[in-house]
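Below is one structure, written out as structure tokens; the observations come after it.
Numbers restart at 1 for each chain; the letters A, B, ... are given by sequence-line order, proteins then strands. Here the structure is a predicted model, which is why all the values come from computation and not from measurement.
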2 protein chains.
Amino acid sequence: MAERLQSDRSTAILRGAAKLFARKGVRSTTVREIADESGVLSGTLYHYFPSKEAIVDEIVTRYLDALLSRYHRALAPAADPRARLHGLVVASLECAKVFPHATQIYQNELGYLRQRPGYERIKAAVYDVQQAWIDVIEDGRAHGVFRDDVPPRMFYRLIRDAVWLSVRWYRPDGSYPIDQFARDTTSVFLQGIGR
Amino acid sequence: MAERLQSDRSTAILRGAAKLFARKGVRSTTVREIADESGVLSGTLYHYFPSKEAIVDEIVTRYLDALLSRYHRALAPAADPRARLHGLVVASLECAKVFPHATQIYQNELGYLRQRPGYERIKAAVYDVQQAWIDVIEDGRAHGVFRDDVPPRMFYRLIRDAVWLSVRWYRPDGSYPIDQFARDTTSVFLQGIGR
DNA sequence: GTCTATATTTCGATAGAC
DNA sequence: GTCTATCGAAATATAGAC
């Protein structure tokens, strides 16, 4: 049997914590609840993580790494700004499907994380995510395929919020599969930004 | 000098609490912090409100009342679905300008409020807000001015999230005034949903 | 490596003087 | 009506047995 890179306990704790953080918020979730959800007792948590905050940081950091990795894969092959924008939407939604809880934590608790020591560690990743969108939008304007009467940052924020917040209500199922959802989202925004 | 309908202390507490709730979340805000922000000491809070939760309820209830009032004024005169959709966007953004903190609390903490006793009081108002958007969108489809290849609830959620979350980053100023912002938002979504 | 038991801190809320 | 002082509950984190 192959060795695991990470102990099962550690990942179980991260999973359980992410589920609760997403549902109730970081501050409203107690370490005892995390322990219950993970199948251990509260003291055991501190064998794997130095604090509750360290668990949040680990969840968000892993999520951002996965997101940026998908962005790079999605952006490389496509040259057309419209295809690249679609690629970012699909990559974000696929990442939200794999990490639904981390996605929700990221967009719900970013303001809270920002004013805490240790935010520097994830600050760069947050910036890179934003810049990926801005680059595509400005490129589309430069090539004349996106309208230029709306500020790029404005459009970025509109589509970002719409895509990110979908984790609050969208649940993939047979009647409305994720690829259809991604097509609809891109369709509305591409038509909205197009000229 | 005219009598005030509400004591200055009470409104000061509501203002201070809303500011902190919006920035840090309800659960992360302590009653002592609310007292500091409001210029009183913690014991005094309980002369005006029975609990911290009661303060949240009051903030959200007042906000929803103001929002629905604006919706009714905005929807009455316009018959065209496009004009009515624009009216909802403008009404929401104007309300967000007057009550920026309450707007943020509403969209950040609704999940938290939902699972608390006393949610029944605001449940109806939340439903009315949603229904106002759905009605306009379905009306636009029926009249053939909105595209019919995207589910109405899907479109409602896209535009709702984009409009509501603007309070996280949009601050009205001279270089990008609120009416321009409202026109841009409506423009993108109307072009996105149009056919 | 996991648990039991508990130390320590912080929070919401209350009591009572003024 | 406001403040001082504090209670009791709940939370994070630690100590130490096994």
Side-chain angles (χ1 to χ4, degrees), chain A residues 1-60 105 108-109 112-113 115-119, chain B residues 1-60 105 108-109 112-113 115-119:
Chain A
M1 193 64 98
E3 289 269 350
R4 284 206 170 78
L5 290 177
Q6 188 90 23
S7 80
D8 284 340
R9 276 277 195 251
S10 179
T11 57
I13 290 168
L14 287 173
R15 270 182 225 275
K19 180 177 173 184
L20 294 171
F21 289 161
R23 187 197 304 157
K24 315 187 1 164
V26 171
R27 190 63 183 253
S28 307
T29 302
T30 71
V31 292
R32 285 175 180 80
E33 288 173 321
I34 298 172
D36 279 356
E37 185 73 30
S38 313
V40 297
L41 288 182
S42 69
T44 305
L45 295 182
Y46 291 88
H47 177 72
Y48 294 95
F49 300 96
S51 69
K52 190 172 94 168
E53 303 294 348
I55 300 179
V56 186
D57 284 347
E58 188 65 23
I59 292 169
V60 173
I105 294 165
N108 274 337
E109 316 265 1
Y112 168 69
L113 293 173
Q115 63 188 14
R116 274 190 37 245
Y119 175 69
Chain B
M1 194 65 100
E3 290 270 348
R4 282 205 171 81
L5 290 176
Q6 188 90 23
S7 81
D8 284 341
R9 276 278 195 249
S10 179
T11 57
I13 291 168
L14 287 173
R15 271 183 224 275
K19 181 178 173 183
L20 294 170
F21 288 160
R23 186 198 305 157
K24 317 188 355 165
V26 171
R27 189 64 181 254
S28 306
T29 302
T30 70
V31 293
R32 286 172 180 80
E33 289 173 319
I34 298 172
D36 277 356
E37 185 73 32
S38 313
V40 297
L41 288 181
S42 69
T44 305
L45 295 182
Y46 292 87
H47 177 72
Y48 294 95
F49 299 95
S51 69
K52 189 174 96 167
E53 304 295 349
I55 299 179
V56 186
D57 284 346
E58 187 65 23
I59 292 169
V60 173
I105 294 166
N108 274 335
E109 315 266 1
Y112 167 69
L113 293 173
Q115 63 190 11
R116 275 187 39 243
Y119 176 67

Item checked: Donor-acceptor under 3.5 Å (B:E37 side chain, B:L20 main chain) -> no
Next item on the list: Give a yes or no on whether the backbone of A:V26 and the side-chain of A:E109 come within a donor-acceptor separation of less than 3.5 Å.
Entry: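 Confirmed, A:E109 side chain pairs with A:V26 backbone.
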Gap between atoms [atom1] and [atom2], on [X] and [N] respectively (whole Å):
X	N	atom1	atom2	result
B:F49	D:dT2	CZ	C1'	16 Å
B:L45	D:dT4	CG	P	13 Å
A:K52	C:dT9	NZ	P	18 Å

Item checked: Nucleotide of C:dG12, D:dT2, C:dT4 approaching A:L41 most closely (side-chain heavy atoms) ->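 That would be C:dT4.
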Check: Out of D:dA13, D:dT2, C:dT14, which nucleotide sits closest to the side chain of A:S51?
Finding: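 It is D:dA13.
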Check: Passes side-chain contact (heavy atoms from CB on, under 4.5 Å), B:V31 versus B:Y46? Steps please.
Finding: CA-CA 10 Å; B:V31 293; B:Y46 292 87; 3.6 Å; yes
Next item on the list: Test side-chain contact (heavy atoms from CB on, under 4.5 Å) on B:F21 and B:I55 and set out the steps.
Entry: CA-CA 10 Å; B:F21 288 160; B:I55 299 179; 4.1 Å; yes
Check whether any side-chain nitrogen or oxygen of [X] sits under 4.0 Å from OP1 or OP2 of [N], and answer yes or no.
X	N	answer
B:H47	D:dT2	no
A:Y48	C:dT2	yes
A:R9	C:dG1	no
B:T44	D:dG1	no
A:Y46	D:dA13	yes

Check: In residues 20-37 of chain B, what residues come within less than 4.0 Å of DNA chain D, judged by heavy atoms?
Finding: B:R32
Next item on the list: Answer yes or no: does atom CZ of B:R116 have more than 12 heavy-atom neighbours from other residues, nucleotides or ligands under 6.0 Å?
Entry: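 Result for CZ/B:R116: enclosed.
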Notebook entry, point to check: Do other residues, nucleotides or ligands put more than 12 heavy atoms under 6.0 Å from A:K24 NZ?
Noted result: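 Yes - once you tally the heavy atoms of other residues, nucleotides and ligands closer than 6.0 Å, there are more than 12.
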